[in-house]
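Being a predicted model, the structure only gives us computed values, none of them experimental. All values below were derived from every heavy atom in this structure, side-chain atoms included, with hydrogens, water molecules and symmetry-related copies excluded.
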Amino acid sequence: MKMRTMTSMLLAAGAIGTAQAATEADVDKSFGPYKSGVPTVAGVKPGTVIDKSNVEAAKGALIPSMAQFIKSGQTTLAVGETYSFGISKNYIDATRKNLNKVSLGANVGDLVGFVAGRPFPQEPDAKDPRAGEKVFWNFQHNNRIGDSYTIWPWYMEYKNMASGKVERTLKQEYHIIQWKHRVDQEPRPEVEPNPSQLLRSGYLKVHEPQDLKDTQLLISRFSDDAKLDEVYLYLGFQRRVRRLASNQVTDPFLGSDLMVEDFEGYNGRMRDMKWEYKGTRDLLVPFYAHNKQKLAEEPKEADFKFIDFGGEGACFPNVTWQLRKTYVIESVPVNPDHVISKRVHYVDAETYALSLNEIYDRKGELWKTFIIAYTDSESHMPKNAGRGVAINDGFSIIDVQAKHCSTGKFKVHLDQEMSPTKLFSVQFMRGS
């Protein structure tokens, strides 16, 4: 009896933590951070171009690595107007409907009572030792460009930053499906059958160059965070599917500067990291209206132009940056043999997208800066309008130690017909 009582107390302490219950006002603030005005920082206003001559004045609105890139003359940064991206009404309604029904379990990675929407819409509390974990659960269950989407085509280039030489170009397609907690696309709330209780899956296929043609990757995450992700790789030249070991998701993906664990800023289990909330800041992040940018002329698509890249080695997205409310979260691997010592994630307070991430090597020195560029769905392709999501428009991951980068240009389709369930199986990989 005594043991049962102690266990119950520990579970309750882990689930409740120190935070107050969320209110309707918290929901309004979470989804409308700019209703009462946009952030302001001295020396930073729309139309300003930040370069090495004025970077010191704007340093308070920059993450450390971007400030250094600008200070050293490797890039400049154009400031755009801050505006609300707007979030899917169904997602907001799901948050209200399920308000205060979700809690943390006793262990990191345990989420109790989650149905749909944003699990923890209240402001992170510096006094709450699990505030960082709650912010990242909001990321894990953010709207993820809807319940399913397709990137086709996805051009990825490997670049020598010093010389500007493009060493390799890949052309790929990438599909995502959300199996559970769906709010926008039918079937809702879950795709069935789902006997393995998957949360989401991603399927990637390489079309070019010839030596990588038909290489495929399938990543499946379980609803139960205690289960290891299933990651399968099909190499066209070997003509066989193999399952990747958990430590292989930190290997360079197809020779790029990106690893599978980096996808979307963090592509891993909650329990594999220690999460710490480091505060809230108003920071410049690559959020913008796609159709108002100076877009690339190549590669050509009949109905779409991709974002362009500039700066040293053409390693930096050539887009405007907004001053936005941002949560700073530090994640430290539980495994002491992990290839990194920590990541610092800069989480957008409105969308919970990870637009900026700094990755540190095992010595604690900055290794990579991962920049993910986002546009609102209203400013993208006409067929994506009205969806209320932040669209991942491209990225750059810069290895500051090797002076190298990998960049990606995306054409995103918010079209569930392009991501049928048959894609997300090992059998399909073999058959295709």
Side-chain angles (χ1 to χ4, degrees), residues 3-27 29-31 91-92 94-144 178-181 183 189 197-200 221-229 261 264-280 326-335 342-349 351-354:
M3 178 62 72
R4 187 182 304 163
T5 303
M6 180 62 71
T7 301
S8 299
M9 290 173 63
L10 288 171
L11 285 170
I16 298 170
T18 62
Q20 298 291 321
T23 66
E24 288 287 339
D26 289 323
V27 177
K29 186 176 180 181
S30 184
F31 291 106
Y91 184 77
I92 297 174
T95 303
R96 294 188 191 281
K97 183 178 179 180
N98 298 292
L99 195 62
N100 295 315
K101 293 180 181 178
V102 62
S103 59
L104 298 179
N107 302 306
V108 173
D110 294 340
L111 192 66
V112 181
F114 178 70
V115 178
R118 184 165 290 172
F120 302 103
Q122 59 268 55
E123 281 291 302
D125 183 354
K127 296 178 182 178
D128 180 359
R130 303 184 74 177
E133 187 183 346
K134 291 174 182 175
V135 169
F136 247 76
W137 272 121
N138 287 349
F139 160 72
Q140 293 284 16
H141 290 296
N142 72 15
N143 210 22
R144 300 259 168 185
Q178 184 84 9
W179 296 97
K180 304 184 76 170
H181 316 298
V183 297
Q197 293 298 294
L198 297 175
L199 176 62
R200 72 177 63 90
R221 175 152 305 132
F222 294 92
S223 186
D224 182 357
D225 188 74
K227 293 185 176 181
L228 290 170
D229 291 355
E261 193 181 82
E264 294 186 82
Y266 177 68
N267 180 40
R269 302 185 306 169
M270 290 293 297
R271 69 191 60 232
D272 290 335
M273 298 286 161
K274 300 172 186 176
W275 306 96
E276 185 177 357
Y277 168 61
K278 307 295 283 188
T280 301
T326 306
Y327 302 130
V328 184
I329 306 294
E330 184 176 287
S331 64
V332 175
V334 173
N335 180 1
K342 69 175 182 179
R343 290 182 178 91
V344 180
H345 308 276
Y346 300 90
V347 187
D348 182 64
T351 64
Y352 278 84
L354 307 186

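- If you check the side chains of Asn138 and Tyr352, you find a donor sitting under 3.5 Å from an acceptor.
- For Phe136 against Met270, the heavy-atom pair with the smallest separation is CB-CE, 3.8 Å.
- Using a distance-only test at 3.5 Å, with no hydrogens or angles considered, a donor-acceptor pair links the side chain of Arg269 to the main chain of Ala226.
- Note that CD1 of Ile329 and CD of Glu133 are 11.0 Å apart. Values are rounded to the nearest 0.5 Å.
- The nearest pair of heavy atoms linking Asp229 to Arg221 is OD2-NH2, 2.6 Å.
- Applying the salt bridge (Lys or Arg N to Asp or Glu O under 4.0 Å) rule to Lys342 yields the partners Glu330; only residues at least two apart in sequence or on another chain are considered.
- Taking Asp225 as the reference, Arg271 meet the salt bridge (Lys or Arg N to Asp or Glu O under 4.0 Å) condition, with sequence neighbours excluded.
- Between Leu354 atom CG and Asn267 atom CG the span is 11.0 Å, to the nearest 0.5 Å.
- Under a cutoff of 6.0 Å and an axis angle of 45°, Arg144 and Phe139 form a cation-pi pair.
- The two residues Pro121 and Val27 come nearest to each other via the heavy atoms CG-CG2, 4.1 Å.
- Listed by chain and residue number, Glu276 satisfy the salt bridge (Lys or Arg N to Asp or Glu O under 4.0 Å) test with Lys278 (two or more places apart in sequence, or in another chain).
- Rounded to the nearest 0.5 Å, atoms CG (Asn143) and NE2 (His181) are 13.5 Å apart.
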Quiz item: Please walk me through it: do Lys227 and Gln197 pass side-chain contact (heavy atoms from CB on, under 4.5 Å)?
Solution: CA-CA 11 Å; Lys227 293 185 176 181; Gln197 293 298 294; 5.8 Å; no
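- Nearest heavy-atom pair, Ser331 versus His345, reported as atom, atom and distance to 0.1 Å: OG-NE2, 2.9 Å.
- Contact record, Trp137 with Gly109: CZ2-O, 3.5 Å, taken as the closest heavy-atom pair.
- Scanning for side-chain contact (heavy atoms from CB on, under 4.5 Å) contacts around Lys97 gives an empty result, with sequence neighbours left out.
- In this structure, Arg200 CZ and His141 NE2 are separated by 7.0 Å, a value rounded to the nearest 0.5 Å.
- Scored by the ring pair (Phe, Tyr, Trp, His ring centres under 6.0 Å) test, Tyr266 finds Trp275 as partners (sequence neighbours excluded).
- Residue Ser103 holds its OG atom at 12.5 Å from CZ of Phe114, rounded to the nearest 0.5 Å.
- Looking at every heavy atom in both residues, Leu99 comes nearest to Glu24 through CD2-N, 4.1 Å.
- When the side-chain contact (heavy atoms from CB on, under 4.5 Å) test is applied to Asn98, the partners found at least two apart in sequence or on another chain are Ala94, Lys101, Val115, Ala116.
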